[in-house]
Amino acid sequence: MTRYLLLRILEIIPTTAGVLLLTFTLFHVVPGSPAEVVLGKNATAESLALFDTKYGYDKPLLSGNWAASRALARGAVIAPNGTVPLSFPPGAGVWRLTGRSSEKWAVFVRVVLRHSISGERETRRVDAVAGRTCGPDWSACITIPEGAVAEAITVEGAAGAAVRIARRTAHLFDSQLFHFLGGLLRGDLGESSDLGRPVGAVLREGVGPSLALTVPILVGGTVLAVLFGLWCALCRGGTADRSVLAVSTLLMSVNYVIWVLAGQFVLAYKLRLFPIWGFEHWTYLALPVVIGIASGLGRDIRFCRAAILDEVDKPYVRTALAKGLSMQRVMFRHVLRNSLIPIITYVSLSVPFLFTGSLLLESFFGIPGLGNVSLNAVHSKDMSVVRAVVVIGALLYQGVNLLADLSYAWLDPRVRLR
Amino acid sequence: MSGGTKSVGQRLWARRDARWSLIVVGIYLAAAIWGECVYRISRQADRTPAYNRVDETQRYLPPAPLRWGRGEPAYPGVSAWAYPLGSDNLGRDVLARVIQGVRIAFHVGIITSLIALPLGVILGCLGGYFGGRTDSVVNWLCATVASMPGLLFILAVALVVGPGLAGLYFGIGLTTWVGVCRNVRAETIKHRDRAYVQAAQVLGYSHARILFRHILPNVLHIVLICFSLRFPSAVATEVFVSFLGIGVQGEPSWGVMINNARLRLWQGVWWEMTFVSVAIFALVMSFNQLADALRDELDPALRTGA
């Protein structure tokens with residue numbers, strides 16, 4: 001038992017690592033430049049760089065001492081008079097200018113610094129050193145003091161050559177990956193670019209309304225599905241069974257979007273049975289809960305029916321019936337208890353999504369839950385919020401799965417002995 | 001399994017529910033091909049296709065049968081058979097747009113399957129056949145992807161890749177292979193120690209040959225069932241994502257149409273919404289029926305027990 005528990009707990013380490021890696025890849029590696037995704041292709045280099053700095057996208061991806069900067073456009077070339085075409089003046093820090101000289105002799109770099117407080121200018125000369133290959137490659141380190149910007153950089157002896165600029169990071173692991181992981185460890189999920197508030201606070205506010213919506217849906221849906229499943233199993237193959245099965249296939253085939261729109265239109269607008277929109281009183285939750293239950297009911301009934309029918313065929317049921325126990329008693333005391341194991345597994349898989357809420361129901365009925373928050377975030381390309389909800393959803397899934405497995409070990413002796 | 005000598009198609013055709021589903025899916029397939037032709041031809045000729053042709057004078061026309069007998073003055077200049085399913089807010093033909101929606105739905109169903117099925121089948125076969133460390137890696141991949149919060153993850157992929165069909169294909173395709181992989185893996189494990197596999201091993205065939213020539217044909221029915229199960233769910237997801245405005249752009253996908261129609265629904269323009277809903281419902285329903293029938297015929301272990 002202890003061994004099983006330990007192994008099971010150890011198993012979540014690689015999966016959690018996988019989840020974090022996948023999220024990191026999706027949000028940091030795939031988009032290339034999140035700033036361009038959010039601000040658009042026509043944003044100025046300076047606003048892109050400000051965005052990058054604010055959300056930590058200006059760091060190297062995995063690790064490294066130098067981070068690429070937008071101060072120089074890709075493929076920038078030194079002008080004939082030696083001017084480096086800066087997109088915006090680089091601020092305080094250590095910068096490295098690298099390039100390849102067109103001529104053989106030494107390269108001199110001249111930096112015009114402007115102190116922002118006093119406004120005075122100063123020119124510094126930096127010697128470029130030959131690169132590792134001792135060829136025409138050269139690099140120059142420019143240190144810009146606090147409170148100053150490099151207004152202009154000129155390079156002598158390398159006109160017409162390509163040049164790149166990079167910023168020195170604080171340390172080797174000052175990277176996006178470690179920034180992301182460290183933030184998660186500290187519980188700091190970053191700042192929402194749309195709302196301008198910490199993501200953690202936004203999510204905390206959304207959890208309550210989401211739970212108020214999803215918990216009744218889950219409980220109501222499960223109870224109804226189990227009852228219908230039992231009923232089907234009791235009159236297996238009969239008219240009731242077949243009609244319930246047919247109706248649940250019908251329910252299953254109605255698109256979720258249609259459930260929400262038609263439910264709101266018919267029940268709330270036409271028949272005026274429910275309030276249409278808002279989150280003020282429990283009656284506002286009634287219609288979304290009904291729609292949520294109805295949209296999942298078909299699938300749930302079919303699952304419960306199959307799980308219960310699986311048990312009905314087992315020999316112990318025949319034995320119990322042969323002993324003269326009533327059908328009701330066998331169904332409720334014996335079959336139901338055993339078929340609850342797969343049903344609980346099935347239900348437990350949807351527990352993590354209780355927290356992340358329902359995307360469409362919440363936004364259509366004006367419930368300020370996490371589903372609403374995430375949908376708005378997707379629309380406004382608010383990467384930090386979407387990333388946070390995805391990560392939290394995935395981690396919750398791991399946790400709930402672990403709990404479910406541990407509870408089997410506790411409930412079902414066969415698992416313990418394995 | 002009744003009638004072991006009959007092919008799957010014949011056995012399906014013999015079932016009443018499956019026959020109807022096959023007919024409906026066939027009609028949809030024809031509509032999808034027709035829609036594709038219309039799309040290609042109008043793009044080739046560089047003119048606005050019928051489903052995108054805006055006619056400001058013919059806005060909000062009800063379906064054709066409702067216009068009959070109302071006299072000319074109400075609907076001047078519209079022939080009795082034009083706009084059989086009515087027109088939308090820009091005077092576009094709803095029927096033509098619904099057919100284009102079929103085209104998009106089939107694109108999504110097929111292309112996401114082309115991403116998800118090979119991925120799931122190959123990983124499932126490898127994990128099930130080799131076991132050990134390979135299996136652990138496959139299980140790890142499955143567990144990782146399965147823990148991602150479904151729809152939101154697809155939305156995130158679509159957001160990162162950019163709006164349009166490509167994001168949708170990748171989003172749906174790369175998140176839904178896990179079910180395929182798990183089923184194929186379980187089935188491969190059943191076959192791994194069978195006599196015919198051992199015989200092939202004794203004959204010295206390579207692993208690749210045993211896996212793909214001997215075992216794979218025996219687990220292909222799982223792939224067929226998975227395809228029929230994930231096709232309708234891919235279509236439903238596409239409707240959802242396009243409805244949110246993140247999926248299809250500029251083409252009349254069902255989701256886009258529903259989003260267009262939902263505001264006018266409150267003003268009594270019910271036809272666009274209704275016909276799109278019915279179109280989605282009939283397609284998804286017949287695929288669900290077909291999946292049930294296929295499962296009953298091909299995989300007695302998974303039988304729903306009807």
Side-chain angles (χ1 to χ4, degrees), chain A residues 11-12 14-19 21-23 26-27 30-31 34 37 236-237 241-242 245 249-250 252-258 261-262 265 269 298 302 305-306 309-310 312-313 349 352-353 356 359-360 363 371 374-375 377-379 381 383 386-387 389-390 392-398 401, chain B residues 17 136-137 139-153 155-162 170 174 232 235-237 239-246 254-255 258-259 261-262 265-266 270 273-274 276-278 280-289 292 302-306:
Chain A
E11 252 176 37
I12 70 165
T15 327
T16 308
V19 163
L21 200 68
L22 192 57
T23 323
L26 178 64
F27 287 97
V30 177
V37 172
R236 182 183 188 180
D241 179 26
R242 270 181 302 171
L245 201 59
T249 313
L250 283 180
M252 212 171 95
S253 307
V254 177
N255 195 276
Y256 188 64
V257 175
I258 312 274
L261 290 178
F265 179 70
Y269 178 70
R302 285 165 55 105
R305 178 179 171 277
L309 282 183
D310 251 10
V312 169
D313 288 335
L349 289 184
F353 305 118
T356 50
L359 294 173
L360 213 52
S363 66
S374 357
L375 202 53
V378 168
H379 275 305
K381 296 179 177 168
M383 292 276 191
V386 181
R387 187 181 63 189
V389 180
V390 168
I392 290 175
L395 293 181
L396 277 173
Y397 188 90
Q398 305 277 324
N401 248 349
Chain B
D17 53 346
S136 308
V137 172
N139 273 335
W140 172 73
L141 277 175
C142 283
T144 303
V145 175
S147 12
M148 290 296 170
L151 264 176
L152 192 64
F153 190 58
L155 288 183
V157 173
L159 168 72
V160 165
V161 177
F170 281 114
L174 292 179
V235 171
T237 311
V239 169
F240 185 89
V241 177
S242 297
F243 172 76
L244 295 176
I246 298 161
W254 286 336
I258 292 178
N259 197 17
R262 77 185 156 93
L265 181 68
W266 303 59
W270 52 270
M273 186 78 169
T274 311
V276 175
S277 313
V278 170
I280 301 172
F281 173 74
L283 179 65
V284 173
M285 174 88 186
S286 28
F287 256 105
N288 281 337
Q289 287 279 1
D292 278 358
L302 289 173
R303 198 165 276 185
T304 45

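What's counted below: heavy atoms across the whole structure, side chains too, no hydrogens, waters or symmetry copies. As the structure is a computational prediction, the values presented were derived from the model and not from experiment. Just so it is clear: chains get the letters A, B, ... in the order the sequence lines come, proteins before strands, and each one is counted from 1.
Residue B:L244 is tested with A:V257, A:V378, A:L360 for a side chain to side chain contact (heavy atoms under 4.5 Å, CB included); the sole match is A:L360.
Looking at B:V284 and A:M252, their side chains never come closer than 4.5 Å, going by heavy atoms from C-beta outward. A heavy-atom distance below 4.5 Å is not found between the side chains of A:N255 and B:V235.
Between A:Y256 and B:F240, the two ring planes are tilted [angle within 30° to 60°].
Both the backbone and the side chain of B:L265 come within contact range of chain A, with heavy atoms under 4.5 Å apart. Heavy atoms of A:P14 lying under 4.5 Å from chain B belong to its backbone as well as its side chain. Both the backbone and the side chain of B:F281 come within contact range of chain A, judged by heavy atoms closer than 4.5 Å. Of the atoms belonging to A:I258, it is side-chain heavy atoms, and not backbone ones, that fall under 4.5 Å from chain B. Contact annotation for A:L375: only side-chain heavy atoms (C-beta onward) come within less than 4.5 Å of a heavy atom of chain B. Within the 4.5 angstrom heavy-atom criterion, no atom of A:T16 approaches chain B.
Rounding to the nearest 0.5 Å places CG of A:L395 at 8.5 Å from OG of B:S147. Note that CZ of A:R387 is 13.5 Å distant from CG of B:L152, once rounded to the nearest 0.5 Å. B:L174 CG to A:L22 CG: the interatomic distance, rounded to the nearest 0.5 Å, is 9.5 Å. Remark: B:W266 CH2 to A:L261 CG distance equals 9.0 Å, nearest 0.5 Å.
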- Item | A:E11/B:N139 under side-chain contact (heavy atoms from CB on, under 4.5 Å): CA gap, chis, key distance, verdict | CA-CA 11 Å; A:E11 252 176 37; B:N139 273 335; over 6 Å; no
